[in-house]
Amino acid sequence: MGSLELRSSGFAKSASLLDRPSWLQTWKSQMFRQLSVGNTKAFLQKCHPSKPLPPEYWRRCHDMPSCICKGSFKRYSSSSEALMTSNSEELSKNILLGTEKVGVLLLNLGGPETLDDVQPFLFNLFADPDIIRLPRMFRFLQKPLAQFISVVRAPKSKEGYASIGGGSPLRQITDAQAEELRKALCEKNVPAKVYVGMRYWHPFTEEAIEQIKRDGITKLVVLPLYPQFSISTSGSSLRLLEGIFRNDEYLVNMQHTVIPSWYQREGYIKAMANLIEKELQKFDNPDKVMIFFSAHGVPLAYVEEAGDPYKAEMEECVDLIMEELEKRGITNGYTLAYQSRVGPVEWLRPYTDETIIELGQKGLKSLLAVPISFVSEHIETLEEIDVEYKELALSSGIEKWGRVPALGCEPTFISDLADAVIESLPYVGAMAVSNLEARQSLVPLGSVEELLAAYDTKRGELPPPVIVWEWGWTKSAETWNGRAAMIAVLALLVLEVTTGEGFLHQWGILPR
Ligand SMILES: C=CC1=C(C)c2cc3[nH]c(cc4nc(cc5[nH]c(cc1n2)c(C)c5CCC(=O)O)C(CCC(=O)O)=C4C)c(C)c3C=C
Ligand SMILES: [Fe+2]
């Protein structure tokens with residue numbers, strides 16, 4: 001059996017890690033399965049004996065610097081450690097000689113750069129089946145529905161973007177992060193090109209991939225810029241990438257790996273703790289301040305029905321940051337809540353707005369908001385937190401308000417991202433094999449597929465989180481008759497939006 005010995009990151013672990021949810025085990029075992037290369041059974045019998053793996057294995061595996069194939073590779077090869085070392089040496093030599101061209105693909109959401117971009121940006125977002133997942137038989141309505149929702153939501157969204165300067169700062173910030181990461185890699189003797197691939201706006205992931213091909217990259221590290229994994233964010237980008245890879249001869253042959261989440265990395269945790277520590281000092285009585293982690297929400301069904309690890313990763317992330325602060329003697333009260341919900345379905349609780357009101361009512365006087373699910377400033381930090389939640393807090397009796405900035409290009413953070421990339425490099429393409437079927441399902445092609453399959457096995461219908469469902473397509477409206485009626489209404493609305501004719505126009509609800 002392959003060695004179970006894994007290099008631990010040495011970072012303090014939360015006790016909850018031992019109660020690792022089953023999705024992770026499924027995911028890890030999926031990882032192993034794909035390595036069996038056409039001989040799954042024999043491989044599993046060899047490496048996956050009937051005896052269950054000790055929790056410590058999963059725990060340490062998860063604490064590793066997040067390269068999803070690491071644990072797998074270790075188990076795949078009996079002399080993996082030696083092989084890995086020789087791989088690393090060979091690789092460093094080849095990178096420096098220029099025979100290997102390393103690329104890093106940063107995946108992010110993207111945002112409208114001007115107010116005119118808002119509606120098409122929203123269309124791209126709502127056309128994503130990982131954001132709105134229709135029942136299989138109604139998938140053909142995805143685009144018309146996205147068109148409808150984007151047109152209806154655009155005015156409200158535009159107001160928000162107008163109030164933060166007329167567009168999203170995401171592209172600019174992500175470009176700057178890419179450049180800083182490139183420099184950090186170079187300083188660590190790993191010359192690499194860093195690309196930005198956005199999910200819903202320019203530069204689109206497809207554009208980044210074309211550039212990667214033009215540049216002749218031979219080893220690619222895929223790094224979603226979301227610290228925690230969610231079906232709706234990293235998952236969606238990986239799903240897109242998987243489709244692109246599968247249909248491209250160059251990419252099928254390019255070696256690559258994915259770093260699916262990295263919230264547990266020491267550098268990231270320390271960088272977050274630094275920012276919090278610094279902001280706390282701005283209060284008159286720093287030790288009386290409630291540290292309020294506010295994460296972007298997801299509909300509850302993503303976690304409970306599809307197995308999204310987002311909530312578990314978020315809670316663990318907060319634990320780790322608080323542990324780090326405690327080591328520095330900072331023992332403030334803290335809480336985690338979820339913001340930015342849309343539509344009437346239930347999202348992860350507690351909600352940020354309700355929690356702020358409750359804390360105010362309970363007499364809390366000082367609050368430090370910490371955006372935790374995203375590493376750039378964006379509309380939901382600059383508008384929702386800085387304006388809406390601040391006003392809510394002040395009107396709820398909270399007197400002193402502070403907000404931790406997003407990490408952006410903070411040097412400790414960028415340096416840690418560079419380390420994550422470097423640590424993943426020896427595993428890039430480590431499982432490359434000769435037959436095409438296996439190649440298509442190997443890391444990260446296979447790993448992306450398997451990773452996605454593991455948390456979202458059936459890819460079944462999920463309650464859509466958006467506005468149309470305010471009219472009654474809720475979890476409770478679960479009979480097919482009800483759904484058919486909704487479809488009829490939607491079809492009429494879609495027709496109205498696309499033709500510009502109909503009762504909403506006649507009543508002046510939609511502009512002509
Ligand atoms: C980890 C972060 C995010 C998760 C999880 C997430 C899920 C999610 N989002 C929507 C709907 C919208 N998101 C919008 C903007 C937006 N979302 C994130 C991050 C996460 N979303 C960011 C960083 C941004 C802002 C980008 C920017 O331009 O600055 C929007 C558009 C803005 C608006 O109209 O409010 C929508 C809509 C859903 C439905 C969802 C989970 C299913
Ligand atoms: Fe969002």
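Along the sequence shown, residues are numbered consecutively beginning with 1. Both ligands and their constituent atoms are indexed starting at 1 by order of listing.
Taking any N or O of His378, backbone or side chain, none lies under 3.5 Å from an N or O belonging to ligand 1. Between Gly110 and ligand 1, not a single N/O pair is under 3.5 Å apart. Ligand 1 has no N or O atom lying under 3.5 Å from any N or O atom of Tyr302, backbone or side chain. Residue-to-ligand polar distances keep Asp130 apart from ligand 1: every N/O pair is separated by 3.5 Å or more.
The shortest separation from a heavy atom of Leu122 to ligand 1 is under 4.0 Å, placing the residue in contact. Using a 4.0 angstrom heavy-atom cutoff, Trp201 does not count as in contact with ligand 1. Ligand 1 is approached by Pro112 to a heavy-atom distance shorter than 4.0 Å. The closest approach between a heavy atom of Trp347 and any atom of ligand 1 is below 4.0 Å.
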Q.
For Ile149 and Leu122: C-alpha separation, side-chain torsions, deciding distance, then whether side-chain contact (heavy atoms from CB on, under 4.5 Å) applies.
A. CA-CA 8 Å; Ile149 299 169; Leu122 290 174; over 6 Å; no

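Rounded to the nearest 0.5 Å, atoms CD1 (Ile414) and CZ (Arg182) are 12.5 Å apart. One distance of note links CG of Asp416 with CD of Glu266; it measures 8.0 Å at 0.5 Å rounding. The line from OG of Ser415 to CD of Glu410 is 9.5 Å long, rounded to the nearest 0.5 Å.
The contact set between ligand 1 and Phe374, taken as ligand atoms under 4.0 Å from a residue heavy atom, comprises 23 (C). When each atom of ligand 1 is checked for a heavy atom of Ser168 under 4.0 Å away, the hits are 27 (C), 28 (O), 29 (O). Applying the 4.0 Å criterion to heavy atoms of Gly111 picks out, from ligand 1, the atoms 28 (O). Of all atoms in ligand 1, listed by their number and element, those nearer than 4.0 Å to a heavy atom of Ser157 are 33 (C), 34 (O). Residue contact check: Ser373 has heavy atoms under 4.0 Å from atoms 1 (C) of ligand 1. Every atom of ligand 1 is numbered from 1 in the order shown, and the set under 4.0 Å from a heavy atom of Pro299 is 41 (C), 42 (C). Listed by number with element, the atoms of ligand 1 under 4.0 angstrom from any heavy atom of Val298 are 5 (C). Near Phe126, meaning under 4.0 Å from one of its heavy atoms, ligand 1 places the atoms 37 (C).
The six-membered or imidazole ring of Tyr263 lies away from that of Tyr268, with a centre-to-centre distance of 6.0 Å or more. For Trp262 and Phe229, the gap between ring centers reaches or exceeds 6.0 Å.
Panel note: side chain Gln142, backbone Phe126; a donor-acceptor pair is recorded below 3.5 Å.
Residues satisfying the side-chain hydrogen bond (donor to acceptor under 3.5 Å, both in side chains) test with Tyr389, not counting sequence neighbours, are Glu384. Residues forming a salt bridge (Lys or Arg N to Asp or Glu O under 4.0 Å) with Lys278 (at least two apart in sequence, or on another chain): none.
Taking all heavy atoms of Glu380, Glu377, Gln228 into account, the minimum distance to atom 16 (C) of ligand 1 is reached by Glu380. Proximity annotation for atom 17 (N) of ligand 1: of His296, Arg199, Glu383, His296 comes nearest, heavy atoms only.
A salt bridge between Glu423 and Arg265 is present, with a side-chain N of the basic residue lying under 4.0 Å from a carboxylate O of the acidic one.
Contacts between Leu170 and ligand 1, counted as non-hydrogen atom pairs separated by less than 4.0 Å, involve the side chain only. Contacts with ligand 1 closer than 4.0 Å are made by side-chain heavy atoms of Leu109 only, the backbone lying farther away.
Using cut-offs of 30° and 60° for the angle between ring planes, the Phe121 and Tyr200 rings count as perpendicular.
The cationic group of Arg341 lies under 6.0 Å from the six-membered ring centre of Tyr351 and within 45° of the ring axis, placing it in a cation-pi geometry.
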